[in-house]
Amino acid sequence: MTLYERWIDMSQNQGSESAEIEFWQEFLQWEKAAYEKLISSKNTDLSGKITELSEYFSGKPEQVMGFLDGINESIKEPLELETIEEDTEINAEVDWEKLFYNMVNVEASWLYGIEAWDEILTKEHREEVIKAHKKSKTIVKEPKIGRNDPCPCGSGKKYKKCCGKNA
């Protein structure tokens with residue numbers, strides 16, 4: 001079983017609902033600390049063997065794999081996660097803009113709210129990204145054409161006598 005398969009198995013196969021809740025609470029707490037360390041370092045280079053990254057982030061290899069799974073869309077050249085083992089050398093460059101956007105996109109406020117972001121992206125820029133993301137989720141409905149309104153095709157007839165006849 002590959003490291004990625006072990007991570008998937010670990011994340012999906014907890015014996016009970018309470019064990020699953022406990023697993024995710026522990027992982028998300030560890031993940032936040034790992035992101036804080038990464039962002040605070042301001043180093044876009046994420047490199048080393050999985051065992052070295054486990055040591056650096058104070059986690060298990062499976063947790064690091066979960067971290068890589070989460071950050072994979074935010075690095076310049078995505079990793080082939082299925083091929084990574086504990087002795088695999090990782091060499092990835094983090095794209096801060098993408099990372100912040102992806103954190104906002106998955107609504108991970110505990111991650112995009114990390115204070116260390118202040119030194120990477122300005123507060124105004126982060127607020128702009130959050131606002132743009134929220135706006136992109138807003139659905140705007142076009143006003144409904146009433147039966148007695150002029151037909152939008154420009155015929156001059158009422159909608160009900162023109163294009164609305166077939167509707």
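Leu111 is not connected to Val106 by any chain of hydrophobic side-chain contacts under 4.5 Å among Ile, Leu, Val, Met, Phe, Trp and Tyr, and they are in different clusters. Under a hydrophobic clustering in which Ile, Leu, Val, Met, Phe, Trp and Tyr are joined whenever their side-chain heavy atoms come within less than 4.5 Å, directly or via other members, Ile21 and Met10 fall into different clusters.
Each salt bridge (Lys or Arg N to Asp or Glu O under 4.0 Å) pair with one or both residues in residues 90-104, not counting sequence neighbours, appears once here: Lys76-Glu93. Counting only residues at least two apart or in different chains, salt bridge (Lys or Arg N to Asp or Glu O under 4.0 Å) contacts with residues 77-92 comprise Arg6-Glu86. Counting only residues at least two apart or in different chains, salt bridge (Lys or Arg N to Asp or Glu O under 4.0 Å) contacts with residues 24-41 comprise Glu26-Lys60. Here side chain to side chain donor-acceptor pair (under 3.5 Å) pairs that include residues 146-157, with residues two or more places apart or in two chains, are Asn148-Lys160.
The shortest non-hydrogen separation linking Gly59 to Trp30 is CA-NE1, 3.3 Å. Nearest heavy-atom pair, Glu5 versus Thr2, reported as atom, atom and distance to 0.1 Å: OE1-N, 2.9 Å. The two residues Trp96 and Ile120 come nearest to each other via the heavy atoms CG-CG2, 3.5 Å.
Here CE of Met65 is found 7.0 Å from CD1 of Ile90. Values are rounded to the nearest 0.5 Å. Distance check, rounded to the nearest 0.5 Å: CG of Asn72 to CG of Leu79 gives 5.0 Å. Leu68 CG to Ile75 CD1: the interatomic distance, rounded to the nearest 0.5 Å, is 7.0 Å. Considering CE of Met103 and CD1 of Ile130, their distance stands at 11.5 Å, rounded to 0.5 Å. How far CG of Leu3 is from CG of Leu81: 9.5 Å, rounded to the nearest 0.5 Å. Atoms CD and CZ, on Glu22 and Phe27 in that order, are 15.0 Å from each other to the nearest 0.5 Å.
Shown here are the side chain to side chain donor-acceptor pair (under 3.5 Å) partners of Ser54, two or more places apart in sequence or in another chain: there are none. In this structure Asn91 satisfies the side chain to side chain donor-acceptor pair (under 3.5 Å) test with no other residue, sequence neighbours excluded. By the side chain to side chain contact (heavy atoms under 4.5 Å, CB included) test, Pro152 pairs with Ile145, Tyr159, sequence neighbours left out. In this structure Phe57 satisfies the ring-ring contact (aromatic ring centres under 6.0 Å, His included) test together with Phe67, sequence neighbours excluded. Looking at residues two or more places apart in sequence or on another chain, you find a side chain to side chain contact (heavy atoms under 4.5 Å, CB included) between Ala116 and Ile39, Ser40, Ile114. Partners of Lys144 under the side chain to side chain contact (heavy atoms under 4.5 Å, CB included) rule, at least two apart in sequence or in another chain, do not exist in this structure. Remark: Ala19 engages Gln14, Ser16 in a side chain to side chain contact (heavy atoms under 4.5 Å, CB included) (not counting sequence neighbours). Listed by chain and residue number, Arg126 satisfy the side chain to side chain donor-acceptor pair (under 3.5 Å) test with Asp118 (two or more places apart in sequence, or in another chain).
The closest side-chain heavy-atom distance from Tyr35 to Ile71 is below 4.5 Å. Inter-residue side-chain proximity for Lys49 and Glu52 is flagged as met; some heavy-atom pair is nearer than 4.5 Å. Between Leu38 and Asn43 the shortest side-chain heavy-atom distance does not fall below 4.5 Å.
Taking the six-membered ring where the residue is Trp, the centroids of Trp117 and Phe100 are separated by under 6.0 Å.
Using cut-offs of 30° and 60° for the angle between ring planes, the Phe23 and Trp7 rings count as tilted.
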